[in-house]
2 protein chains.
Amino acid sequence: MNSPMSATESSAPSAPTETLNTEERAGKPLRADAKRNRDKVLAAAREAFTENGASTSLEAIARRAGVGIGTLYRHFPTRQALLEAVYVDEVEQLARDAGELSAMEPWPALEAWLVRLGAYLVTKHALAGELLNYVDTNANVFAACRDLLYAAGEPLLERAKAAGEVRPDAELQDVVQMVGGIAKIQNSDPDAIARILAMALDGLRYKKA
Amino acid sequence: MNSPMSATESSAPSAPTETLNTEERAGKPLRADAKRNRDKVLAAAREAFTENGASTSLEAIARRAGVGIGTLYRHFPTRQALLEAVYVDEVEQLARDAGELSAMEPWPALEAWLVRLGAYLVTKHALAGELLNYVDTNANVFAACRDLLYAAGEPLLERAKAAGEVRPDAELQDVVQMVGGIAKIQNSDPDAIARILAMALDGLRYKKA
DNA sequence: CCTTGACACGGAGGGACCCTCCGCTACGCT
DNA sequence: AGCGTAGCGGAGGGTCCCTCCGTGTCAAGG
């Protein structure tokens, strides 16, 4: 895990491989053609974001998907919405990981989870930028996602605190943001990020004097 | 702007206040009108970057400065070049600060400097992005600046290591990048950044078991 | 003071994107 | 098979990037 992965599809929380489960929590069943187009856009977006980062032109994505730009915008009114749709599954997986790790000792579990989170975000600077920021527009599209992540990590952190392995004043929000900030560092050397992250995480265990 | 500090000029390393000293290390004496325009652009850019971040439209800057877009591009062929010209003075000041701090105890000195660096970068996400990244184009325009910073910090770090207050495996580059990464976190609450930075810096002092 | 070469100015213009709007297409229900 | 409407696509207006080149301005020598 020390090094941030390949360039393609695969990433930390083994992605769900398919895009079919999309739609989800919405009430409306989409019309056949609509669903087809939505999936085409999603697939094209996933590829494009992976290849060129979050700033890929939306028009390019539409072109790649073979749909009109208007269609893309109807399904995903903003770039953020599209990003979210592309990555929710993976973030959810990350949250689920937290549960499994609870078998380990408190600190190793927490550390492993945070490192995994970091490694994932390294491969998706795109996501990191949007997922973790408060500021910004009224409704943070990623809010739900983020809360999920927080809910998942909280137990791990609390457990480590209870075991006296992590300073009691550490807040999960701060920790997650820290990991995100470090993951977003632009550095051609993957090991450097791993070193930096490890060092910063040790700050969680530091005790005064 | 959403972040710490005032909105205007002032920032961590008391900025040199004026833009007159610009030009510098170049051989050619500029023509009178050229210098005048260069300064106008620089001033407008400083304001604009402060108000709207590094992504401010270059055309807007030219408009604000009351010069043609072509003029702006002749003096500063890239956005990076402009950023650098705007901020070199401040970064140099930051480097100079390191010297003064050496009067303090090793750890407090190092911590103070890094916190100051962080506070400064928070006000200039713009800068942080460009200054600290390796990746990217052939010639990093900021390379000189960055080296200056590293040269300034090195003694502080070494001293703290020698005093046994900082783990010996900490590298300055990593530390500076870490500070940069944390400073770039988007968060409406300035205190949060400070907390996170403090926690991460404690990682420097953590000693195994 | 005037000439004149070179330096510098400004903005038009082509390309890329963003996002909206609306006439047309084609689903799918009856 | 007919029809109401969800959904499609792309033209179009706006912004920005960056280049190129005709015109304006400086300053050194006559």
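Distance, Ile69(A) CD1 to dC22(C) C1': 16 Å, rounded to whole Å. Rounded to whole Å, atom P of dA12(C) lies 16 Å from atom OH of Tyr73(B). Here dA8(C) presents its C1' atom at 15 Å from CG of Asp39(B), a figure rounded to the nearest Å. Whole-Å rounding puts the Glu59(A) CD to dG13(D) C1' distance at 13 Å. Separating the CD1 atom of Ile61(B) from the P atom of dG10(C) is a distance of 16 Å, rounded to the nearest angstrom. For the pair Arg63(B) CZ and dG14(D) C1', the computed distance is 12 Å after rounding to whole Å. The separation between Gln80(B) atom CD and dC17(D) atom P is 15 Å, rounded to whole Å. Rounded to an integer number of Å, the gap from Lys35(A) NZ to dC8(D) P is 13 Å.
Residue Arg38(A) places no side-chain N or O under 4.0 Å from the OP1 or OP2 atom of dG7(D). Using a 4.0 Å cut-off, no side-chain N or O of Arg79(B) falls inside it from OP1 or OP2 of dC18(D). His75(B) has no side-chain polar atom (N or O) that falls below the 4.0 Å cut-off from OP1 or OP2 of dA8(C). Within the structure, a side-chain polar atom (N or O) of Asn37(A) is placed less than 4.0 Å from OP1 or OP2 of dC8(D). Listed pair Thr71(A) / dG7(D) fails the phosphate criterion, with no side-chain N or O lying under 4.0 Å from OP1 or OP2.
In this structure the side chain of Leu204(B) never reaches within 4.5 angstrom of the side chain of Tyr206(A), judged on heavy atoms.
With hydrogens and angles ignored, the 3.5 Å screen pairs a side-chain donor or acceptor of Arg79(B) with a backbone N or O of Thr56(B). For Arg167(A) (side chain) and Arg205(A) (main-chain N/O), no donor-acceptor pair under 3.5 Å exists by modelled atom type. Of the possible polar contacts, none joining the Lys40(B) side chain to the Arg64(B) backbone as a donor-acceptor pair under 3.5 Å is found.
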### nucleotides 21-30 of chain D: protein proximity per nucleotide (B base, S sugar-phosphate only, - neither; heavy atom, under 4.0 Å)
---BBSS---
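When the nearest nucleotides of DNA chain D are assigned to Gly70(B) and Thr56(B) by heavy-atom distance, the more 5′-ward of the two goes with Thr56(B).
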### Task
Take Lys184(B) and Leu121(B), measure what side chain to side chain contact (heavy atoms under 4.5 Å, CB included) needs, and give me the verdict at the end.
CA-CA 7 Å; Lys184(B) 277 201 297 180; Leu121(B) 291 179; over 6 Å; no
### Query
Under the side chain to side chain contact (heavy atoms under 4.5 Å, CB included) criterion, do Phe49(B) and Ile61(B) qualify, and how do the steps go?
CA-CA 9 Å; Phe49(B) 283 146; Ile61(B) 292 177; 4.1 Å; yes
### Query
Can Leu72(B) and Glu59(B) be said to form a side chain to side chain contact (heavy atoms under 4.5 Å, CB included), step by step?
CA-CA 9 Å; Leu72(B) 183 151; Glu59(B) 295 192 331; over 6 Å; no
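Considering only the side chain of Leu58(A), dC19(C) comes nearest among dC16(D), dA12(C), dC19(C).
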